[in-house]
Each structure stands twice: as structure tokens, then as C-alpha cells.
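Proteins get letters first, then strands, A, B, ... in listed order; numbering begins at 1 in each.
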Amino acid sequence: MKPSDPVLTQLDQLPVGMLATVCYIEAQTEMTARLRALGIKPGNQISVVRSAPLSGPLQIRAGQTDIILRRSEAATIHVNPAF
Amino acid sequence: MSKARIALVGMPNTGKSTLFNRLSGASARVGNWPGMTVELEIARLLVSARMVELVDLPGLNNLHGFSEDERIARHFLETQSLDALIVVLNATQIERQLAFALQIKQLGLPLVLVLNMADEAIRRHVLIDREALEKALGYPVCLISAKYGHGTQTVRQALEAVLQNKASTAPSQPRATQIQALLEDDAIEVQTTALLAEAVRTPQTPAITYTDRIDSLLLHPGLGVVAFFFILLGLFQIVYSVGAPLQELLGEILEAAKTDWIAPLLTPLPAALTSFLLDGLYDGVGTVATFLPIILTFYLVMSAVEDSGYMARAAFLMDALMSRMGLDGRAFVMQIMGFGCNVPAVMGTRVLRNPLQRRLSMLIIPFSLCSARLQVFLFFTTAVFSPQAAPWVLLSFYILSFLVAFLTAFIWRGQVGEQEPLVMELPPYRYPTFAYLALQALREAGQFLRGAGGFIIAGVAIIWLLTHLPWGVTPASPQSWAGQIATFTTPLFEPLGINNLLSIALMFGFVAKEVVVGALAVIYGAGPNELAGIVARSMDWRQAYSFMLFTLLYTPCLATLATIRRESRSLKFTFASMAWSIAVAWLASFAFYQIVTY
Ligand SMILES: Nc1nc2c(ncn2[C@@H]2O[C@H](COP(=O)(O)OP(=O)(O)O)[C@@H](O)[C@H]2O)c(=O)[nH]1
């Protein structure tokens with residue numbers, strides 16, 4: 001999957017409840033490593049469970065782990081939605 | 001045989017502390033380490049006739065993580081001599097955590113791999129072939145539930161086996177460089193995938209759990225926030241309605257002991273000394289001691305909130321608000337922690353990596369209504385307000401505490417540069433275990449007494465001296481030293497409705513807030529039981545409220561100030577934060593008192 005593929009979307013744009021596969025992450029090395037440790041890495045399936053009030057953070061589900069992530073950080077994660 | 005040293009490592013929230021407490025019983029203490037700036041929990045245990053020192057390290061996400069906790073744990077691993085490591089993983093999340101165990105393996109230390117929370121793994125249909133893992137990894141693997149004590153014995157046995165083989169490995173240059181070199185390793189990735197395929201079965205789509213159902217209410221954008229405030233209100237009501245009657249009872253017992261037993265014992269002593277012992281030390285310390293039930297209930301409730309997993313929900317719900325103030329949801333959690341005691345909350349700001357963000361958080365935490373200030377407020381609200389009004393008065397201070405903190409953060413947020421990322425796990429809801437809560441509450445209360453005890457006794461003794469010197473004056477009269485100081489500062493406090501006697505007590509609140517009520521007991525020459533009546537007669541509700549408002553805001557205790565200085569490594573910042581809070585306190589009390597008496 002190339003970064004320019006039109007099917008890709010940023011995680012903060014992914015509709016709640018829809019499964020998607022992580023394609024690539026556009027963040028600094030440290031942040032990428034932290035996300036990877038939490039299960040957000042290319043090839044893994046994730047979904048957005050809900051978002052907090054007032055444009056607050058997102059609750060992301062990656063496997064058996066739920067993670068809190070701000071929208072700005074979620075936007076660095078490019079995913080391929082499963083239709 | 002020589003002493004061995006073993007460290008517990010694992011990702012945050014995997015149950016390291018729970019296992020640590022299981023293994024160590026009540027023998028844990030806090031230890032300092034050469035070359036380390038923080039204190040870590042250590043315990044001694046006997047493993048097959050060998051003394052083992054067990055160290056609980058802060059959570060690591062990986063070996064090159066960026067949080068302060070990760071730096072501390074890594075620094076420990078790099079510099080301290082160790083015989084073995086216990087790697088704790090959350091069995092439910094083995095899919096993502098196993099790579100961590102393989103990374104740790106590269107350190108070359110003997111390992112015991114503990115897969116904790118086996119109970120949750122079963123409930124979520126995560127199946128693990130322990131023996132296959134053990135065979136593939138080449139070191140002992142234990143599948144346990146630390147919380148319920150299931151399988152902790154197997155951890156001990158595994159430790160025995162591991163310790164038999166190995167002599168202590170001193171920290172070597174290689175270990176440090178190894179850590180440097182341990183970046184995401186493709187080999188580990190491949191190995192993890194193979195291991196998981198062989199030994200682990202996880203359901204394709206996670207089952208809908210009770211956590212999901214509870215969260216659909218508690219994390220609901222509207223109802224969740226409402227529930228959040230109801231939960232906060234409920235906490236205060238519990239602390240108030242359980243702790244307050246106990247406090248009264250203890251006060252009566254202490255008073256009876258004073259008049260019936262201790263006073264007769266002291267009759268042979270000179271009058272001045274008797275007065276110092278009874279009206280200085282006993283009354284002061286006694287008054288403070290009566291608040292112990294409140295503190296215990298408070299920590300019991302607070303650790304239940306933390307243990308249940310609700311704290312992370314609070315961070316989730318509050319992040320939108322906090323990020324607008326240059327902070328994040330974690331800072332809100334610290335702010336809440338500050339309601340127990342400002343000191344650990346200030347230390348807890350270490351989770352914020354940006355030093356400027358940490359300072360901002362440290363600037364607002366002292367406005368958190370800590371349990372020591374709660375003592376003052378409980379005393380005054382009970383003495384001056386009706387039982388129906390008292391909880392609401394108390395609640396108003398909690399709200400004010402938040403408001404002032406947020407306003408302060410909002411005003412100073414420009415000092416913080418770019419936003420730090422917020423990335424944290426949202427754990428499933430868990431039943432807090434009472435025994436564990438009680439242990440934690442007792443530990444906190446003990447730490448509170450030990451940390452505050454010295455201050456209290458010194459503070460109360462100083463107050464007695466200031467109110468009784470020069471010799472021969474009527475205690476706490478205008479002729480006493482305290483009276484002279486109060487007269488001098490009258491112009492400052494009069495517009496706030498704070499009388500001279502109260503302003504003396506405030507001076508001693510600088511040392512520790514828990515001294516304030518004890519100080520009043522001495523200043524008014526009253527026992528713990530009479531004081532409430534005297535206070536009620538000597539002031540109206542406006543003055544009482546203004547006094548409490550000032551007490552809430554004017555300055556944290558010395559212990560907090562010392563912690564701020566240590567954490568910020570800046571005396572200038574410490575004094576600046578103190579000056580800010582005194583200014584805010586004076587303005588707030590002035591505005592309040594002038595408006596209500598207008
Ligand atoms: N269900 C379950 N919960 C556990 C178990 N062990 C620990 N916990 C809970 O997991 C949470 C985190 O535990 P803690 O020891 O503080 O983790 P640490 O951050 O790694 O030190 C707490 O709420 C514990 O009560 C277990 O075996 N089963």
C-alpha cells in the first residue's frame with residue numbers, strides 16, 4: 001500500500017466502530033516506538049471506540065488493549081479502512 | 001550465600017506492584033540508590049535460604065522510552081548490579097507485550113517471565129500454552145493472578161531455580177551499550193510472531209465486556225461528565241459521613257484521657273511545664289490525631305478510584321479541558337491526586353515530560369484541597385455551619401480549588417511551549433481488593449503521620465512558646481509574642497474579616513496545614529472538644545468562610561514547597577509560586593469578604 005493510495009485515511013477521520021489496518025505512522029521515532037509498544041503498528045487492526053467530549057481524545061482499540069490518544073496524534077496514523 | 005538482587009520490570013499497569021506486595025508481604029520499604037535521583041520500593045525476602053532484595057521498578061513501554069519513569073527504570077538496569085529480573089506481562093495483552101520480554105532478554109540477565117492477570121485472560125478467551133512458551137524461551141514462565149494470589153508460589157519456585165545457577169552480574173559497560181543498541185529489532189519481531197503463533201490463541205474480535213457496557217455510560221460525552229461530577233460529590237460525602245463521626249468519637253476519648261489519666265499524673269510537675277505538655281503538646285497533637293480517621297477513609301476511597309481504573313477515565317474525559325490550559329488529562333489526574341496530598345502529586349508530575357509543562361502543573365497543584373486543609377475545613381464547617389449546610393460549603397471549596405487552579409494554568413499557559421503527546425492505556429474496570437486498599441491507606445496514613453508528625457510537634461511547640469512568652473503574660477494575649485506579631489499584621493488581615501488570633505494560626509499554617517486547628521486549640525487555650533464552641537461563638541459564617549478561603553489558597557505546606565523545589569530544581573520558581581498563591585489568596589478573600597459584608 002503506497003502512502004498516496006486514495007483509500008487511506010487518518011485515524012482521526014475514521015468513523016467510530018469501523019475496523020482499519022494501520023499502514024504507516026508519520027511521527028517521531030520515540031512516539032512511533034511508544035505506539036508500537038501499545039499495539040499500534042503497521043499491519044495491526046485498530047478501531048476508534050469513541051471520542052471524548054469537546055473534541056477531546058479518542059479511545060482506540062488495538063487487539064486487547066484500549067488506548068487514549070489525542071486527535072492530533074491520531075492524525076499521524078494512516079490507516080486503511082476495512083469495508 | 002551472598003545476598004541476591006532481583007528487579008521487577010514490565011509495562012505500566014501490568015500488576016508489578018501487586019506482585020511485589022504479594023511476594024514481600026508487609027516488609028516493603030522505600031530505598032535510595034546511589035546515582036539515582038528517585039526512591040524505589042524494595043523488600044527483602046528469603047528464597048531457599050538466600051536473602052533476596054526485590055526492587056519494584058517503574059513501568060517501561062520499551063527500553064528506549066521517553067517518559068521519566070522509563071528513564072529511571074532504564075538507568076537502574078544500566079547501573080545497578082543484578083542477579084535476575086522478573087518480567088511482568090499482562091497475559092491478556094500478550095500479543096503486544098511479548099516483544100518487550102524478548103527485548104529484556106537481550107540484557108543477558110537470568111529471567112523469570114510472569115504472565116499476570118490470568119483471570120482476565122481466561123475471561124477474554126486469550127489462551128496461552130505456558131509450557132510451549134517456556135520451552136521456546138528457555139526460561140521459567142509463570143501464569144498467575146497476582147491480585148488473587150494464584151500462582152505466586154510458582155514465581156518463588158522459579159526464582160529459586162534461577163538463582164541456583166547464577167552469580168551476581170555487576171553492571172558492565174556492555175549492559176548500557178546493549179540498551180542503546182536495542183532499537184526495534186526485526187529479529188525480535190519475527191521471533192515474537194512465531195512464538196505467538198505457536199503458543200497463544202486470541203479471539204479475532206475482542207468480546208464485548210462489562211467494561212464496554214459500563215463505559216458506554218461513564219465515558220458518554222454528556223452523561224459521562226455528569227457522572228464524573230456525581231462520583232466526585234459521592235466521594236466527599238463518603239469521606240464526610242464516615243470519617244466525621246469517627247473523628248468526633250476519637251476527640252472525646254482523647255479529652256477524657258487527658259482529664260482523667262494524664263493530668264493527674266502530671267501534678268508533681270511545675271505548672272508551666274504541665275501547661276506546655278498538656279495544652280501545648282497533648283492538645284495540639286491530639287487534635288491532629290483525631291483527623292486520622294478522615295485521612296484513612298480518604299485514601300481508602302481514593303485508592304479505590306485509582307485501582308478500579310476510573311482515574312484513566314477521568315483523564316479521558318478531562319483532556320479537552322486540560323489541553324486548553326497547556327496541560328493534559330494526566331495533569332488533571334495529578335490535580336486529583338493533590339486532593340489527597342500535594343506532595344505525591346507534585347512528584348507525580350514526572351509523568352509530564354516537558355519540564356515547562358511540569359512546572360505549570362506544579363504551580364497549580366498546591367491549590368488542590370489536600371487532606372491537611374480538609375482537616376481545617378471539616379473543623380470550621382462543622383463548628384460554624386449547620387450539618388445540612390456543611391457538605392455544601394465543603395463542596396464549594398472543592399469547586400473553588402479547581403477554578404483557581406485552572407485560572408492559574410490558563411493565565412500562565414503561554415509559558416509552556418508545544419503540547420506533549422497523550423498516549424496512555426485505558427485499563428478495564430477492576431474490582432478493587434479491600435485488603436490491598438487497606439494496606440495502601442494505612443501506608444499513606446503512616447507516611448502522612450511520619451511526614452507531618454515532626455512538623456506538627458515542632459509547630460505546636462513553637463506556637464505554645466510564642467503564645468506563652470515572654471514569661472508571665474496571659475497566654476495568647478496581645479502582650480505575648482504571637483499577639484504582637486498579629487497586631488503588627490492587622491491592617492493586612494482586617495479587610496479579609498480575619499481576626500488577630502486566626503492570623504496567628506495562619507502563620508503556622510506555613511509549616512503545615514494540619515497545625516492550624518491545633519494552633520487554634522492552644523491560642524484559645526481549649527481542648528479538642530471545647531474549641532468548636534469557642535470558634536462558633538467568636539465568628540460569623542462570613543469570617544469563617546473568608547478564613548477558609550485564605551487557608552485554601554495562600555500557600556502549600558513546607559513539605560510541598562520543599563518537594564516543588566526538589567522537583568523543579570529552582571528556588572526561584574519555588575518562591576515565585578509561593579508569591580503567586582499568597583497574592584491570589586489575599587485578593588480572593590478580600591473580594592469575598594468585601595462583597596458579602598457590603
Ligand atoms: N484482574 C486482575 N487484576 C490485577 C491483577 N494483578 C493486578 N491487578 C490490577 O491491575 C492494576 C494495576 O496493578 P499495579 O500493581 O498497580 O500495576 P503496576 O503499574 O504494574 O505496578 C490494579 O488495579 C490491580 O488491582 C490480576 O492478577 N488480576
Side-chain angles (χ1 to χ4, degrees), chain A residues 10-12 14-22 24-77 79 81-83, chain B residues 11 60-67 70 90-97 99-100 103 120-121 124-126 183-184 189 202-206 211-212 215-216 219-222 224-225 312-313 315-324 328-330 353 419-428:
Chain A
Q10 290 164 328
L11 185 58
D12 62 326
L14 187 73
V16 167
M18 185 184 282
L19 270 180
T21 309
V22 178
Y24 65 101
I25 296 167
E26 239 178 336
Q28 303 201 323
T29 337
E30 285 186 331
M31 186 61 185
T32 312
R34 163 75 59 99
L35 289 172
R36 169 182 291 264
L38 286 164
I40 301 180
K41 60 178 180 185
N44 277 16
Q45 283 217 319
I46 61 176
S47 63
V48 178
V49 180
R50 62 168 60 79
S51 59
L54 308 169
S55 308
L58 304 174
Q59 179 185 353
I60 309 295
R61 182 158 297 171
Q64 300 288 328
T65 310
D66 281 14
I67 299 144
I68 306 177
L69 207 58
R70 283 215 189 99
R71 283 161 199 274
S72 51
E73 274 96 41
T76 68
I77 301 166
V79 297
F83 290 103
Chain B
M11 293 191 178
L60 279 162
N61 278 295
N62 49 47
L63 282 175
H64 45 275
F66 50 78
S67 79
E70 290 174 317
N90 178 343
T92 317
Q93 301 173 346
I94 188 168
E95 268 196 318
R96 72 168 172 95
Q97 297 200 348
F100 175 78
Q103 278 191 357
E120 282 186 2
R124 295 192 166 213
H125 309 292
V126 176
L183 286 166
E184 285 310 328
E189 191 87 345
T202 39
Q204 271 301 307
T205 43
T211 293
D212 292 320
D215 274 344
S216 61
L219 293 186
H220 185 277
V225 177
R313 267 85 188 168
F316 179 77
L317 289 170
M318 289 301 124
D319 191 68
L321 181 70
M322 297 303 281
S323 64
R324 284 174 175 77
D328 69 29
R330 287 174 294 184
R353 185 158 161 270
Q419 283 271 316
E420 280 297 309
L422 169 85
V423 193
M424 67 190 269
E425 195 198 337
L426 198 66

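Looking at residues two or more places apart in sequence or on another chain, you find no salt bridge (Lys or Arg N to Asp or Glu O under 4.0 Å) involving B:Glu95.
Both the backbone and the side chain of A:Gln59 have a heavy atom closer than 4.5 Å to some heavy atom of chain B. Contact of B:Ser216 with chain A is made through backbone and side chain together, with heavy-atom distances under 4.5 Å. Contacts of A:Thr32 with chain B are absent, with no heavy-atom separation under 4.5 Å from either backbone or side chain. Contacts between B:Asn90 and chain A at a heavy-atom distance below 4.5 Å are absent for every atom of the residue.
By the neighbour-count criterion of 12 heavy atoms within 6.0 Å, atom CD of A:Gln28 is sparsely surrounded, having that number or fewer from other residues, nucleotides or ligands.
Atom CD1 in A:Ile67 sits 11.5 Å away from atom CE in B:Met424 (nearest 0.5 Å). With rounding to the nearest 0.5 angstrom, the CZ atom of A:Arg61 is 4.0 Å from the CG atom of B:Asp212.
Between A:Gly56 and B:Ala320 the shortest heavy-atom distance is CA-CB, 3.7 Å. Nearest heavy-atom pair across B:Pro203 and A:Gln64 is CG-NE2, 3.7 Å. Between A:Leu58 and B:Phe316 the shortest heavy-atom distance is C-CE1, 3.7 Å.
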From CA spacing to verdict: side-chain contact (heavy atoms from CB on, under 4.5 Å), B:Leu321, A:Leu54: CA-CA 8 Å; B:Leu321 181 70; A:Leu54 308 169; 5.8 Å; no
Worked check of side-chain contact (heavy atoms from CB on, under 4.5 Å) between B:Glu70 and A:Arg34: CA-CA 11 Å; B:Glu70 290 174 317; A:Arg34 163 75 59 99; 3.3 Å; yes
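There is a side-chain donor-acceptor pair under 3.5 Å between B:Arg96 and A:Thr65.
Interface remark: of the candidates A:Leu69, A:Leu38, A:Asn44, A:Leu38 forms the most heavy-atom pairs closer than 4.5 Å to chain B. Residue with the most contacts toward chain A among B:Val225, B:Thr211, B:Ile94, B:Asp215: B:Asp215 (heavy-atom pairs, distance under 4.5 Å). Per-residue heavy-atom pair counts under 4.5 Å with chain B were compared for A:Ala27, A:Pro53, A:Ala62, and the maximum is reached by A:Pro53.
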